[in-house]
Structures are given as C-alpha cells and as structure tokens.
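Taking it in order: structure first as structure tokens, then the write-up.
Remember, it's a predicted structure, so these values are computed and weren't measured experimentally. So you know, we letter chains A, B, ... as the sequences are listed, proteins then strands, and number each from 1. Note: hydrogens, waters and symmetry copies are ignored here, and every other heavy atom, side chains too, is used.
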Protein chains: 2
Amino acid sequence: MNLPFKALSDPTRRKIIMLLKEKDLTAGEIAEHFNMTKPSISHHLSILKQADLVSDERKGQNIYYSLNTTVFQELINWFFEIIDYNEGVNRDENR
Amino acid sequence: MNLPFKALSDPTRRKIIMLLKEKDLTAGEIAEHFNMTKPSISHHLSILKQADLVSDERKGQNIYYSLNTTVFQELINWFFEIIDYNEGVNRDENR
DNA sequence: TAGATATTTAGACAATATTCTAAATATCTA
DNA sequence: TAGATATTTAGAATATTGTCTAAATATCTA
C-alpha cells in the first residue's frame, strides 16, 4: 500500500492518471500534455507502473499505457475503512 | 487536492490516521506508538493538519488530535471518478 | 512565582524525489 | 541494412522531505 500512495503524491502523475481515465495513450501522447521532457514523463510512468496503477503494452514502435483499476479499488477500501463505511461489506461486525 | 495526497504518502502519517480512526489522542499518546522523537511526530501532525486531514484542540496541557472525515470523503470521490463509479452521483451522463 | 509536564518551533543534516541532458535500445520502413 | 521514430536508461544537479537536537511556548500545581 506504500507504493501507490507514493505514486499518487505527485501532481504530474495524478494528471497522467486523469488522462488515462479517458483513454489509453502512448508514452509520447502523454508527454505532449506536459511541459516536461520525455525522459521525465517516462520516469513518472515507471513509478506508476511499479505501483501497479498502470500497465503498458508495446504495439510496434509505441508503448501504450492504460489504467489498472484493481489497485484503485484497494485504495478506495482503505479510505472506506477510515471513514468507517461498512454497508454491504464483509466485516466481523455483520456476522 | 495536492496537500492531502502529499500528507498520505508517508507511512508514519498513515499509521497516525489509523490510530486516530479508533479514538482521539494527544500528541504524546500518538508519539508513544512510534520509534521516533516527539518533535518528528509533531511535524507529521502539522502536515496532516495543513492537509485538513486532522484537527487539534488543546485541553489543558494536552493537545488532542482527531480525524477530519470531510477531506477523506473528497478523496474517495476523486477515486470514484477514476474508476468511473457514477451511481447516484450527479453527472452530465445521467441528465 | 518556580518547577514540572506537554507540545511545538527552529535549524541542521541526510535521504529521497524530480528533473534534465546524453546515450542506449527497440521497431519500422525505404 | 541504414536511417528515422518512439521510448527508456544512466548519471548528474537541484529541490523537497524526514529526522534529529536544542530551545521556546503553554499550562498546571505546589
């Protein structure tokens, strides 16, 4: 749970996530949205990948990035725990 | 939205949140749970406070810290947007 | 009011993170 | 296979963050 939180702590990476929410994009297309070099964006993508928040797939010369919703679900569960949301969720208290 | 994400990126601060989820605690009681000096914990508390994730209230010599669920709700909404959860939420698509 | 307790503030230092340029790797196409 | 395009890797510079010690502030009580 540490890597995803670290990954989300940077605004550039959160913006990348917002872009990928709309549709899958190549590393180059992502870079176009930022005032930053491609190696820097590549580094951010690598951190998102390590955190398992995105996945990548090469198609010819391009590498397409896409969102990995699984870890986001886990994060949402973490937050629910904080605010003690427990309707419909398996919890000892409900048994 | 930047401060809360930054605040949550540190494991010590997330552990503090987990402690406060159970009950309000003084700065000293919080510090007892960590292998770290009190000034360091105080600094972490200050970051959580700036991010509006916790609030503090002095009672005599002690300062009690407690969780501020509002910002957590906003964070959950941010995550819902990512995974495109939109039941019961006001969205253009539903109009 | 002096001393004890709880906590924060200030300032320094080391560890991490972000960004850059230059170079390397992978793939496509003429 | 040579050159073009897309992307990553390596390494360095700078900025930010986390932690510490020492000192300051606030409150309580004898």
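Atom CD1 of I30(B) sits about 4.5 Å away from atom CG of L20(B), to the nearest 0.5 Å. The distance from atom CD of E29(A) to atom CG of L19(A), rounded to the nearest 0.5 Å, is 10.5 Å. For the atom pair CG of N2(B) and CG of L8(A), the computed distance is 11.5 Å after rounding to the nearest 0.5 Å.
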After noting the C-alpha distance and the side-chain angles of L67(B) and V54(B), does the key distance pass the side-chain contact (heavy atoms from CB on, under 4.5 Å) rule? CA-CA 4 Å; L67(B) 233 50; V54(B) 309; 4.2 Å; yes

Going through the distances and angles, do T12(B) and I41(B) end up as a side-chain contact (heavy atoms from CB on, under 4.5 Å)? CA-CA 8 Å; T12(B) 300; I41(B) 293 297; 4.3 Å; yes

Is there a side-chain contact (heavy atoms from CB on, under 4.5 Å) between T70(B) and D52(B) once you walk through the steps? CA-CA 9 Å; T70(B) 323; D52(B) 218 28; over 6 Å; no

Run the side-chain contact (heavy atoms from CB on, under 4.5 Å) check on D84(B) and T69(A) step by step: do they pass? CA-CA 10 Å; D84(B) 242 322; T69(A) 53; over 6 Å; no

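Stem analysis of DNA chain D (Watson-Crick or G-U pairs, both distances under 3.5 Å, runs of at least three) returns C:1-30 with D:1-30.
Of the options W78(B), F79(B), F80(B), a ring pair (Phe, Tyr, Trp, His ring centres under 6.0 Å) to F79(A) is made by F79(B) and by none of the others.
Between the K6(A) side chain and the S9(B) main chain, a donor and an acceptor come within less than 3.5 Å of each other. The main-chain N or O of F34(A) is never found under 3.5 Å from a side-chain atom of K15(A) such that the two would form a donor-acceptor pair.
Looking at heavy-atom distances under 4.0 Å, T26(B) makes contact with sugar-phosphate atoms alone, never a base. Using a 4.0 Å heavy-atom cutoff across all strands shown, Y65(B) reaches sugar-phosphate atoms only and no base atom.
Bounding nucleotides for the chain B contact on DNA chain D, 5' to 3', at a heavy-atom distance below 4.0 Å, are dT17(D) to dC28(D).
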Protein and nucleotides 15-19 of chain C: nitrogen or oxygen contacts under 3.5 angstrom:
| from | atom 1 | to | atom 2 | distance (Å) |
| --- | --- | --- | --- | --- |
| dT18(C) | OP1 | D10(A) | OD1 | 3.4 |
| dT18(C) | OP1 | R13(A) | NH2 | 3.3 |
| dT18(C) | OP2 | R13(A) | NH1 | 3.1 |
| dT18(C) | OP2 | R13(A) | NH2 | 3.4 |
| dT19(C) | OP2 | H44(A) | NE2 | 2.4 |

